[in-house]
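Working notes, beginning with the structure itself.
Just so you know, these numbers come straight off a predicted model, no measurement behind them. Side chains included, hydrogens not; waters and symmetry mates left out as well; all remaining heavy atoms used.
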Amino acid sequence: MATVLLVEDDPMVRGALMRALSHLGHVVHPVGTALEALREATEHTPDLVILDLGLPDLDGASALRMLRGYSDVPVIVATARGDEPTIVRLLNDGADDYVVKPFSSAQLAARINALLRRSSRGPSRDDEQADLVVGDLVISLERREAVLEGRVLDLSRREFDLLAHLAENVGKVVTRRELVETVWHQHPLVGHDQTIDVHVSWLRRKLGESAGHPRYLRTVRGVGLKMVEPG
């Protein structure tokens, strides 16, 4: 059971989603505007947010960026557009996942469960695990913290999980399928390559590298990724 903040201005859609989520055992806090959502997320920290983009007072993408200014709560965005530029922009704005309207309650339930499993992954790690050290990069699984050359990296939850998994397999090629199943806790579907590429791009920028001049993250074309010791 999780506490879900449902942000949807259409009363009929909101009611249907409330019934579906309640049937799944979740506690639902429904709101109809972006300002209500931001206030609710501040006062009563939810376990997950379902955010519709077509809100009456503020664009949903803008609300997402504002929410990301103070919270790392998992967010599933509900959008009417499933084109690549829109999805990439939503991921860049801080969305953890998305559903394209119209969507089924079964699809939404699967995505919620995947995000909740992932968000609880950190605390369940073995506290006795040693830090992972790759070159000048030190990753503490216990503190969920990555330090590069003495500087703590500002990583989202998913960025940290991706980096940690690659570091746990340093020198080995990790397939995209494995990343989707292990880091995202989902079954590989069309569109996941794009999601992985976006997060790898963010990680590279924070690690001070690029695809053309990699230091830690090497792309193995057609297969996946490999973390290496910098030369």
* **Criterion side-chain contact (heavy atoms from CB on, under 4.5 Å) on Arg68 and Val73, from CA distance to verdict** => CA-CA 8 Å; Arg68 279 292 172 254; Val73 61; 4.2 Å; yes
* Between CG on residue Leu132 and CG on residue Asn169, distance to nearest 0.5 Å -> 10.0 Å
* Asked: Is the backbone of Gly224 close enough, under 3.5 Å, to the side chain of Arg176 for a donor and an acceptor to pair up by distance?
  -> no
* Ignoring hydrogens and geometry, is there a side-chain-to-backbone donor-acceptor pair from Glu209 to Tyr216 under 3.5 Å? -> yes
* Give the minimum heavy-atom separation between Pro214 and Leu217, together with the two atoms involved. => CB-O, 3.2 Å
* Passes side-chain contact (heavy atoms from CB on, under 4.5 Å), Met18 versus Leu6? Steps please. -> CA-CA 8 Å; Met18 284 179 60; Leu6 173 62; 3.8 Å; yes
* Linking I/L/V/M/F/W/Y whenever any side-chain heavy atoms sit under 4.5 Å apart, do Leu24 and Val7 land together? -> no
* Asked: Got a donor-acceptor contact below 3.5 angstrom from the Thr42 side chain to the Leu38 backbone?
  -> yes
* Between Ser104 and Gln107, is any side-chain donor less than 3.5 angstrom from a side-chain acceptor? -> no
* **Taking every non-hydrogen atom, the tightest pair across Thr33 and Pro56** => CG2-CG, 4.2 Å
* To do: Specify the closest pair of heavy atoms between Gly60 and Leu55, including all atoms of both residues, with the distance to one decimal.
  => CA-CD1, 4.4 Å
* To do: May I ask you to check whether over 12 heavy atoms, not counting those of Lys206, lie within 6.0 Å of atom NZ?
  => yes
* Asked: More than 12 heavy atoms of other residues, nucleotides or ligands under 6.0 Å from NZ of Lys101: is that the case?
  -> yes
* Asked: Asp52 and Ala78: which non-hydrogen atoms are nearest, and at how many Å?
  -> OD1-O, 3.6 Å
* Asked: Is a salt bridge present between Arg158 and Asp97, judged by a nitrogen-to-oxygen distance below 4.0 Å?
  -> no
* Would you check, one step at a time, whether the test side-chain contact (heavy atoms from CB on, under 4.5 Å) holds for Leu166 with Leu162? => CA-CA 6 Å; Leu166 292 171; Leu162 176 58; 4.2 Å; yes
* **Leu163 side, atom CG; Arg144 side, atom CZ - distance, nearest 0.5 Å** => 11.0 Å
* Counting N and O atoms only, with roles assigned by atom type, does the side chain of Glu229 sit under 3.5 Å from a partner on the main chain of Val134, one being a donor and the other an acceptor? -> no
* **Side-chain donor-acceptor contact under 3.5 Å, Thr219 with Arg204** => yes
* Asked: How long is the span from the OH atom in Tyr98 to the CG atom in Leu91, to the nearest 0.5 Å?
  -> 7.0 Å
* Asked: Shortest non-hydrogen contact from Phe160 to Ser140?
  -> CZ-O, 3.5 Å
* **Nearest heavy-atom neighbours spanning Ala167 and Ile139** => CB-CD1, 3.5 Å
* **Heavy-atom side-chain proximity of Arg205 to Leu203 below 4.5 angstrom** => no
* Answer yes or no: is there a donor N or O on one side and an acceptor on the other, between the side chain of Glu40 and the main chain of Ala37, under 3.5 Å? => no
* Structure fact -> Rounded to the nearest 0.5 angstrom, the CZ-CZ distance for Arg89 and Arg81 is 6.0 Å
* Asked: Rounded to the nearest 0.5 Å, how far does CE of Met227 lie from CZ of Arg215?
  -> 11.0 Å
* Asked: Short question: side chain of Asp57, backbone of Ala34 - any donor-acceptor pair under 3.5 Å?
  -> yes
* Report yes or no: does Thr182 contribute a side-chain atom to a donor-acceptor pair with the main-chain N or O of Glu178 at less than 3.5 Å? => yes
* Stepwise, does the side-chain contact (heavy atoms from CB on, under 4.5 Å) test hold for Arg218 with Val173? -> CA-CA 9 Å; Arg218 299 288 179 88; Val173 178; over 6 Å; no
* Structure fact -> Output for pair (Leu51 CG, Leu90 CG), nearest 0.5 Å, gives 9.0 Å
* To do: Check Leu5, Val28, Leu21 against Ile50 for a side-chain contact (heavy atoms from CB on, under 4.5 Å) and give me the one that passes.
  => Leu21
* Pair Arg157 + Asp96: basic N to acidic O under 4.0 Å -> yes
* Asked: Do the side chain of Asp47 and the main chain of Thr3 share a donor and acceptor less than 3.5 angstrom apart?
  -> yes
